[in-house]
Enquirer: 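For reference, the structure I am asking about is given below.
Chain letters run A, B, ... following the sequence lines, proteins first and then strands; every chain starts at 1. Note that the coordinates shown come from a computational prediction; the quantities given were computed from them, not determined experimentally.
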Amino acid sequence: MKLSGVKGMNDVLPAEVGRWQEMEALAREVFALYGYREIRTPVVEPAALFARGVGEATDIVNKEMYVFEDKGDDRLALRPEGTAGTVRAFIEHGAYVDGPQKWFYLGAMFRRERPQRGRYRQFHQIGCEAFGVAEPLLDAEQIALLADYLGRLGVRTTLKLNSVGDGECRPAYLADLRSYLDGHRAALCADCRDRIDRNPLRVLDCKVASCQPVLEAAPRLLDRLCAGCRDHLAAVRAGLDALGVEHRLEPRLVRGLDYYVRTAFEFTSDALGAQAAVAGGGRYDRLVETLGGPPTPGIGFALGAERLALILEAMGRPVPPRGPAVFFVLADPAGATEALRLAGALRRAGVACDLDARAGKLKTQFRQAERAGARFALVLGAAEVASGEGKLKDLATRAETPVRLDELAARLGGPG
RNA sequence: GUGGGUAUAGCUCAACUGGUAGAGCACUGGACUGUGGAUCCGGGGGUUAAGGGUUCGAACCCCUUUACUCACCCCA
């Protein structure tokens, strides 16, 4: 029986892992610049957390979540998204007493869907959550953070912004929309007819040509926003303008999670195929309360790491190299012993080095040095041991320069 | 969950309308007993995804299963 990985769950091999390390390191760096601090929560949570937080009726909870029994006790779930667990931790540890909090996380999420380009059963999200501030200034700042992060990676995206209303204006709008769509049921496609009850906002998103006339004339949420939501949206846009963040108002942008209110946004890329969203998020002012905490506004986003990696790859952005500074080529037993000793000294000095312990043909060792991504190679044999001197070979230029072995650490430790 | 496409060496692919399974790259040995990317010669590697059927004969045709992949749905 041949073993293979679980469908939709992928390995990141050493050759590509540099890209992931780059994305993660930059996230930590940039998020810290905006005052966000890292939080780590379990991959497993009570299933009820997601049912209550994300929404019982959403596809994510309803059909995509991995749920299992833990020895008969609780019903547990592999987290399908990061916000609910973060909010749970926020409440459980009473973090709300310390005023506004800005947190971020990196981690694996799980959804049991049919895999396709940019969509996997285990995938990784990089997300930010900010608690305790209802002001639109925060929305603008957080969206700018995300734009900043993507911009530093050279990724070109489109930012789509919308308001999905709040408890004051959305229910009335939804009722109107539902009855409007119901009245035009016959003119809509089968998918849309299903969606009328389940998620009427989604109908507006339909791409089927025959549905378009009905949708064009449908009531628009943007026209029905209450004064609070309208002002909020205007302020967010003004904030983005002030920060020089380009965005597009997208009245049909919908989020798939129940907890979103007011601000909803999405960064999309055309390098991704059908799954165009690199990152998405929005405000969730009632979520903390829903999950049992004190009323606390919040806003957050999640970015799909696999999708970002796909974009970087499509851009032809090279994977940052990670090779040793020097690779020792062992010419004979005396050289091998010396190499081991020298390697120890260099490593104590913080200089990365490597060698091929098989000590085979020089040709093979040089090939190994190149494959390891080493900057220099240094042949070590009885002659070098005797003279205390060797030739440091730059593998890129193939130029050799004499070097005293006891000065190697100083030579390689410095810049260049 | 629903469709479409694909499946031959580690990778990329050949194999004439069914006739003994090959090449390039990679790996490895040698030409070169202390200098890699070039050249030349040699070597290891395959139940042709799996199972069944048709046939004198199947990588090729038929059926089933599985995996991968793209799209729908949905979302990061």
Enquirer: Just checking, is any N or O donor in the side chain of A:D148 or A:Y34 under 3.5 Å from an acceptor N or O on the other one?
Expert: yes
Enquirer: For B:rG30, does OP1 or OP2 lie under 4.0 Å from any side-chain N or O of A:K361?
Expert: yes
Enquirer: Give a yes/no answer on whether the side chain of A:R119 brings an N or O atom under 4.0 Å of OP1 or OP2 in B:rC73.
Expert: no
Enquirer: Can you tell me, in whole Å, how much space there is between the P of B:rA14 and that of B:rC72?
Expert: 28 Å
Enquirer: Is there a donor on the side chain of A:R111 or the base of B:rA76 sitting less than 3.5 Å from an acceptor on the other?
Expert: yes
Enquirer: Does a distance-only test, which skips hydrogens and angles, find a donor-acceptor pair under 3.5 Å between the side chain of A:Q365 and the base of B:rU35?
Expert: no
Enquirer: Are any of the side-chain nitrogens in A:E45 or A:R88 under 4.0 Å away from the carboxylate oxygens of its partner?
Expert: yes
Enquirer: For A:T364 and B:rG29, is the shortest distance between a side-chain N/O and OP1 or OP2 below 4.0 Å?
Expert: yes
Enquirer: Let's test your reading of the model: under 3.5 Å, does the base of B:rU35 pair with the side chain of A:K363 as donor and acceptor?
Expert: no
Enquirer: Nearest-nucleotide wise, let me know which of A:R112 and A:D394 is further upstream toward the 5' end of RNA chain B.
Expert: A:R112
Enquirer: Name the nucleic acid region contacted by A:F327, choosing base, sugar-phosphate or nothing; use a 4.0 angstrom heavy-atom cut-off, strictly under.
Expert: nothing
Enquirer: Taking the minimum atom-to-atom distance to the side chain of A:Q116, which one of B:rC73, B:rG36, B:rC68 wins?
Expert: B:rC73
Enquirer: Quick one: does any side-chain atom of A:Y284 pair with a main-chain N or O of A:G282 as donor and acceptor, under 3.5 Å?
Expert: no
Enquirer: The side chain of A:D59 is closest to which nucleotide in this list: B:rC74, B:rU28, B:rC72?
Expert: B:rC74
Enquirer: Has A:K7 got a side-chain N or O lying under 4.0 Å from the OP1 or OP2 atom of B:rC68?
Expert: yes
Enquirer: Establish, yes or no, whether the cationic atom of A:K393 lies under 6.0 Å from the six-membered ring centre of A:F366 and within 45° of the ring axis.
Expert: yes
Enquirer: Should the side chain of A:R114 and the base of B:rU2 be counted as holding a donor-acceptor pair, with the cut-off at 3.5 Å?
Expert: yes
